[in-house]
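Whatever order the structure lists them in is the order used to number ligands and atoms, beginning at 1. Counting from 1, the numbers follow the sequence of the chain as shown.
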Amino acid sequence: MDARTVLVLNGPNLNLLGEREPEVYGSATLADVEALCREVADGAGLTVDFRQSNHEGTLVDWVQEGRRGIAGIVVNAAGYTHTSVALRDALSTCRVPRVEVHISDIRAREAFRHHSYLTDVCDHHVIGRGVQGYAEAITWIAARRG
Ligand code: DHK
């Protein structure tokens, strides 16, 4: 990773995008999302390091890896959004712009999804915009770089 890298992190069950609750998350697969991110980043002169894990500690390790010296972090922590103090603490150590993304509108779903531990340690939020939200997040990071 270098100063032009956007680190895009995906949490648990997002590997099943496309087959998982398509009425909520849509029909795009995670590979489709990765291709979208690469296209948008490429257009902005950035590169993408795209990762997914079902494991909280792995996500923490990856946030720490990207905490300085890169263009920014886009994070859809999926279920860990609503549970993970550890991920929140990792994001709060970052010296790079952080964007929280959710495909669905978590504010309009079950009450347990309304609270995000990540919201106030991220600099920007794209919620409920479908997978296009990832593109918006990368565009925001690119615009912030000027
Ligand atoms: C994805 C998940 O897996 C859920 O646990 C979150 C998020 C919402 C999304 O909308 O991308 O509650």
Side-chain angles (χ1 to χ4, degrees), residues 1 4-44 46-67 70-145:
M1 292 195 283
R4 293 189 318 126
T5 305
V6 179
L7 179 59
V8 182
L9 299 181
N10 295 279
N13 302 304
L14 290 170
N15 52 312
L16 299 181
L17 219 50
E19 67 176 78
R20 171 194 182 212
E21 299 177 79
E23 67 286 0
V24 175
Y25 299 107
S27 57
T29 65
L30 196 61
D32 294 333
V33 177
E34 179 171 0
L36 172 67
C37 288
R38 290 195 188 287
E39 186 186 322
V40 173
D42 195 45
L46 297 170
T47 59
V48 161
D49 190 325
F50 192 92
R51 307 182 191 184
Q52 187 276 333
S53 177
N54 293 328
H55 304 282
E56 184 177 16
T58 301
L59 292 162
V60 169
D61 286 344
W62 289 343
V63 169
Q64 288 187 11
E65 222 184 289
R67 74 185 180 282
I70 65 172
I73 297 177
V74 173
V75 58
N76 182 352
Y80 289 135
T81 304
H82 318 294
T83 65
S84 182
V85 174
L87 205 45
R88 175 206 170 83
D89 287 349
L91 282 162
S92 73
T93 72
C94 292
R95 297 287 168 265
V96 303
R98 299 143 295 187
V99 185
E100 177 181 16
V101 168
H102 299 291
I103 297 166
S104 65
D105 185 354
I106 56 174
R107 300 158 300 197
R109 297 182 62 193
E110 304 96 316
F112 67 84
R113 295 186 203 274
H114 295 181
H115 178 256
S116 165
Y117 279 100
L118 311 187
T119 296
D120 63 354
V121 292
C122 286
D123 306 291
H124 188 63
H125 312 88
V126 187
I127 295 172
R129 310 277 293 166
V131 299
Q132 200 60 34
Y134 286 80
E136 292 181 27
I138 292 171
T139 301
W140 185 86
I141 288 172
R144 196 183 148 121
R145 280 164 57 87

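The shortest heavy-atom distance from Tyr80 to ligand 1 is not under 4.0 Å.
The shortest N or O to N or O distance between Ser104 and ligand 1 is below 3.5 Å. Among the atoms of His82, some N or O lies under 3.5 angstrom from an N or O of ligand 1.
Asn54 meets the side-chain contact (heavy atoms from CB on, under 4.5 Å) test with Pro12, Asn15, Gln52; sequence neighbours excluded.
Every pair passing salt bridge (Lys or Arg N to Asp or Glu O under 4.0 Å) that includes a residue from residues 94-106 is listed here, sequence neighbours excluded: Arg98-Asp123, Asp105-Arg107.
Arg38 places no side-chain N or O within donor-acceptor distance of the main-chain N or O of Ala35, the cut-off being under 3.5 Å.
Closest heavy-atom approach to atom 8 (C) of ligand 1 among the candidates Ile103, Val101, Ile106, Asn13: Ile106.
Of the heavy atoms in Glu100, none comes closer than 4.0 Å to ligand 1. Only the side chain of Arg113 comes within 4.0 Å of ligand 1, judged by heavy-atom distances.
For ligand 1, the atoms closer than 4.0 angstrom to any heavy atom of Arg20 are 2 (C), 3 (O).
Arg88 pairs with exactly one of Thr83, Asp120, Thr119 by the side-chain hydrogen bond (donor to acceptor under 3.5 Å, both in side chains) rule, that one being Asp120.
Between Phe112 and His82, the ring-plane angle classifies as perpendicular under the 30° and 60° cut-offs.
Around the CZ atom of Arg129, the shell of radius 6.0 Å holds no more than 12 heavy atoms that belong to other residues, nucleotides or ligands.
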